[in-house]
Each structure stands twice: as C-alpha cells, then as structure tokens.
Amino acid sequence: MTTHSEKILILDFGSQTTQLIARRIREQKVYCEIHPYKLPLMAIKALRPSGIVLSGGPKSVYDQDAPMSDPGIFELGIPVLGICYGAQLMTVQFGGRVEKAVKREFGKAYLDIVDPVGIFAGLEAGHPEYQVWMSHGDRVEELPADFVVTARSAHSPQAAIRHRERPFVGVQFHPEVAHTLIGNDILRNFIFGMCRCQPQWTMQSFVDATVAAVRAKVGAGRVICALSGGVDSSVVAALIHRAIGDQLTCIYVDNGLMRSGETESVLRFFREKSGLNVVHVDARDYFLRELTGISDPEVKRKRIGHGFIKIFEEEAKKFGDAKFLAQGTLYPDVIESVSFVGDTVIKSHHNVGGLPELMKLDLIEPLRELFKDEVRNVGLELGLPEEAIYRQPFPGPGLAIRVLGEITAARLAILRQADVIVLEEMKRAGFYRKTWQSFAVLLPIQTVGVMGDERTYEHVIALRCVDSIDAMTADWSRLPYELLGLLSNRIINEVRGVNRVVYDISSKPPSTIEWE
Ligand code: XMP
C-alpha cells in the first residue's frame, strides 16, 4: 500500500532463514521484499531494487532441477550478495566450480578476512574472533575469472568471494543468524556501503505513508473491522482510526471464550479512552448453545468459526454503506514461499473465513508488508498500551480448546479462574514475556484428593508454558520449582473444584502447544 523509494530484493531459494535475512535488513531501517527465485527479470526491473540478495537453499547447484535465477540480474548495474546456495549459484553462473565438501560444515567457524573491503569494510584482516555460522554441504571450489577470495575458514578456503571490479559478493556462511557475530556489520556494509541505501524505513514513516494511503483509498467511505483484542487487529484498528477517524466501525464479538477481563479491557481502551466506534456484540449465549454437547476439537473450531462469520455478517449488515473490510494480514502470510516438495511454489494467503467475498467488500490490509515485531513497533508508535502489544498469542477458538471435552459455563468459569492466576504469577515472576505462551488447561477427568478431613473428587488443571520463536516448534519452559509450586498452591486453594495441578513437559513436535 505504501511506496518505497528504496528497497532490497531477496530472491528466495528455499532457505529456512530467508525471512530472517529480510528482518535483519529491515532492522537496519531499509525496506526489503522476498520473492521466489524464479521472478522474471522484467518483474525484478519493475521493482527497481537498490540491491539483490540471493538466499541460501536446500538444493545443490548441480542438481538436475537446481533452482536458477535469471543471470540477467548481473546486468542491472546493482550490487548482488549471494548467501550460501546464492554464492554457489553466482560462482557457477560466472563460470566457476562448486563441489561437495569432503566434510559437511555445520555450526560455528572462525572467519579469516584477507581482503577487508566491500562487505568487510571496517573489519580487521586476520582477526581471530570473527565467529560465523556455517551450514552447507557444497562449497566454492574454483573461482570464476575476475573473482577473488576475501575470507577463509578452516574448512572453506573460499568462505567469501567478490568480483574484482563489479559489486558482486558471495559468502558461504549465514550473516543473518545471530551466531554470526559480524553478521550485522556485513549486512550494513552491503546495504549502506555497496547499495548506497539510506536508513529510511521506520515505523514512523510507515505510519505516515499508510495513513495517507488509507485516506486516499477510502475517500469518504466506511470501513468495518473485526476487533478481537489481539495485537494485529488492535494495531489495524488504531492505524485506520488515525487515518479516517469516525468512518471506521469496529465490531467486537464476545463469544464467551475470552480470558477473564478481556472484553472490559478492549472496550475500555478502544471505546472509552481512544474514542473509536466499537460495536460490542454479546454472543456468549449463542456460542455456548452452539458448543453444547460437542467434545471433538475440530467440530468446536468449525462451530466457532462459522458462528463468528454469521454474527459478524449480521452486525456488519447494519452498516450497509460499508465498502471496506480491514484485516490484519501480515507479511509472512503473503510471501510466496518456495518449497521443493515436488518443486512447487506454494501461495499461502488466507482471508478470515472468506468474509470479504461473502460481503462483497474491498479489503484493506495495512499490515501486509510487516513482520510481527514491526507490527508491535507500529503499535507502540500509535500509543497502544504495552500490555496489549506484548500479549501472548491467543487462539481464535479461545478457551473452548482449553476446556477439554464438553464446554459448560461452569467448566469455563473454573478454567478462567485458574488462567488468571497463571497470568498473574507469570507476570509477577518476570516469566510472562520470556515464555511464548503460558496458560491453564482444564482436563476432562476428575481425581481423588483430600482436603481437611474430607475426601474430594475434583478437576485437574494442567499448566502449559512453552518457549518458542514462531510456534512451529516449541519446548516446555524450565520454570523455577518455586514458581510451579506457587502456581499449584494458589490454583488448588483458590479455585473451587480443582484438587490437582500437573505440569506439561512435552515439546512440539511431537506434541502441540494446545491440548486440542
Ligand atoms: P499448536 O497447538 O498447533 O498451536 O502447536 C500453534 C499456535 O497456534 C495457536 N492455535 C490456534 N490459533 N486458531 C488460532 O487462531 C486455532 O484453532 C488454533 N489452534 C492453535 C496456538 O495457540 C499456538 O500459538
């Protein structure tokens, strides 16, 4: 939606760290975009990049179906940085040779810089402590004519190379990962020194440009948006409100599956404090009825999803003049990811429940260029409370998939009380922001206990606290025993109907984060 006078283009060859390259570059305040390696030269030219990064990837350049970008990129007059597979491809495209290394190099290595110019400007030749991260099988064996070695490592005599005269550089290691201690220096040298970019991509500039773009697109029209209280929808609402004020109507559907106090805090901040039009739909009874007798997790999800669409549509119809629907789609949802399972390029993009087609609304997705950490920074820029910005992810079906088995108002109430205690103590102990998610789960069994002189037969709460960076994999959080003890004591003492607390020590995979 915004226009960028300067950008770096990343051509993706399927590396797991491609998004990380983009985030590292953007941290330097330079905008960049990821596209599949096959992007045609015409399209590359139309993007007018200031420089190109060729990512790593799982293939070998000599594979029959080795992914190749158009060699015409070397005639565009802009710098190119090849990383790992990207460096090997550059080598081959210029007539050099790549070979399977005798020893696969994986992990830490020390870089011996022999030519401290270009991406190594400002670094020292022969420095003993330039740790870098290697992860490759193949390596550059014979340099193309006109290329020179700029750094070596113990197992890679050509760990970094450059063209003698033209701005093409390649590195065997991964400058984007944290283990490469000089990674930021290298990327900075590339984007500022070689590509001559200016650090202009800031969240302030993003907000200004997006506000202007939303105004231009919407004119005098009305925009509706589903506000859930989560980070993405909160930032969308605040951003669009800044652009068009009262022309925005937010619809908050209380499905009765939220955490304790969520509804009140969303309404307090957005409606009372910030003056947004927020329609509060109390649909608690409706969802409870829809979920009666349902234990199957997937059926729960479907009922909740369909219920949300039905109610949202009914409410939105009351604003018949609305032309636009705002949605919190993020950049990772729109990147065309390169996957070599059958060598297909998968396009992943989801609209929330197909709402826009259903309602014939134009979509506004002001966050579709942003990574999650950038969304948080935009939120801070817009003055959202830190509590809202750094909240842990919360699943759409809410507490319904944490009350295992059948959902009743009473069982929801038990879980909600335990959940409050978990959040309170995790925050107090300073673990809330250290863990990816921390929550209580109500199990569908009862166990025997003893309280005072009496035998009890009551519910069990499982605690689930995990560390993760993207929810794809996760490990159980090693919380201090004292904290676990405190959580258990408080839950058993304060929540009527619970006589046992257990801690989940499973990682993902093979378990999942949620229990349903
Ligand atoms: P799992 O349980 O698959 O969860 O390891 C991964 C992440 O996704 C969240 N999650 C959901 N989010 N609708 C959502 O919006 C869902 O149905 C759903 N199921 C799981 C989960 O909380 C974790 O962050």
Side-chain angles (χ1 to χ4, degrees), residues 1-7 26 29-33 46-48 198-252 266-267 269-279 312 315-331 333-334 349 351-352 355-385 388-389:
M1 197 175 265
T2 46
T3 54
H4 307 280
S5 48
E6 282 183 344
K7 67 169 80 72
R26 288 186 183 195
K29 302 190 172 62
V30 173
Y31 181 71
C32 64
E33 280 179 17
L47 285 168
R48 307 189 48 192
Q198 297 293 318
Q200 289 167 337
W201 166 252
T202 61
M203 291 306 107
Q204 172 68 55
S205 68
F206 169 84
V207 170
D208 293 345
T210 306
V211 161
V214 169
R215 280 187 192 142
K217 179 164 180 176
V218 169
R222 172 160 297 286
V223 179
I224 50 177
C225 115
L227 181 62
S228 72
V231 183
D232 305 342
S233 74
S234 297
V235 172
V236 167
L239 190 55
I240 296 196
H241 183 247
R242 175 165 296 188
I244 56 165
D246 270 354
Q247 286 164 254
L248 170 70
T249 301
C250 302
I251 299 176
Y252 175 82
V266 168
L267 293 177
F269 180 78
F270 284 101
R271 191 192 261 174
E272 290 164 30
K273 205 156 164 251
S274 313
L276 271 71
N277 295 321
V278 182
V279 178
F312 187 85
E315 287 304 317
K317 269 191 200 135
K318 297 179 187 162
F319 304 91
D321 58 335
K323 284 201 182 68
F324 302 94
L325 177 75
Q327 213 168 259
T329 313
L330 304 193
Y331 192 47
D333 302 328
V334 296
H349 184 195
N351 292 326
V352 176
L355 272 174
E357 295 94 58
L358 208 71
M359 300 171 57
K360 304 198 168 37
L361 294 170
D362 269 356
L363 264 188
I364 297 187
E365 299 175 304
L367 310 181
R368 59 182 282 135
E369 290 177 335
L370 303 189
F371 288 109
K372 190 84 177 188
D373 38 359
E374 294 173 319
V375 173
R376 293 205 166 93
N377 289 334
V378 169
L380 289 174
E381 187 75 42
L382 293 167
L384 292 182
I389 287 169

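This structure is a prediction, so every number in the text was calculated from the model and none was measured.
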Colleague: Looking at Asp362, Asp321, Asp246, which one forms a salt bridge (Lys or Arg N to Asp or Glu O under 4.0 Å) with Arg222?
Modeller: Asp321
Colleague: Answer whether the closest heavy-atom distance between the side chains of Leu227 and Leu276 falls below 4.5 Å.
Modeller: no
Colleague: NZ of Lys217 to CD1 of Ile244: how many Å apart, nearest 0.5 Å?
Modeller: 11.5 Å
Colleague: First locate atom SG of Cys250, then atom CG of Leu267, and finally report the distance between them rounded to the nearest 0.5 Å.
Modeller: 11.0 Å
Colleague: Kindly compute the distance separating OG1 (Thr249) from CD (Glu315), expressed to the nearest 0.5 Å.
Modeller: 11.0 Å
Colleague: Return the set of residues passing side chain to side chain contact (heavy atoms under 4.5 Å, CB included) with Ile389 (not counting sequence neighbours), or none when no residue passes.
Modeller: Arg376, Leu380, Leu384
Colleague: In this structure, are over 12 heavy atoms from other groups packed under 6.0 Å from Arg48 atom CZ?
Modeller: no
Colleague: In the structure I gave you, are the side-chain heavy atoms of Asn377 and Phe206 within less than 4.5 Å of one another anywhere?
Modeller: no
Colleague: Which atoms form the tightest heavy-atom contact between Pro199 and Val30, and what is the distance?
Modeller: CA-CG2, 4.5 Å
Colleague: With a 4.5 Å cut-off on side-chain heavy atoms, are Val214 and Phe324 touching?
Modeller: no
Colleague: In terms of heavy-atom contacts, does NZ of Lys372 have more than 12 from other residues, nucleotides or ligands at under 6.0 Å?
Modeller: yes
Colleague: Which residues pass the ring-ring contact (aromatic ring centres under 6.0 Å, His included) test with Phe371, sequence neighbours left out?
Modeller: Tyr331
Colleague: Decide yes or no for Glu369 and Tyr31: does some side-chain heavy atom of the first lie under 4.5 Å from some side-chain heavy atom of the second?
Modeller: yes
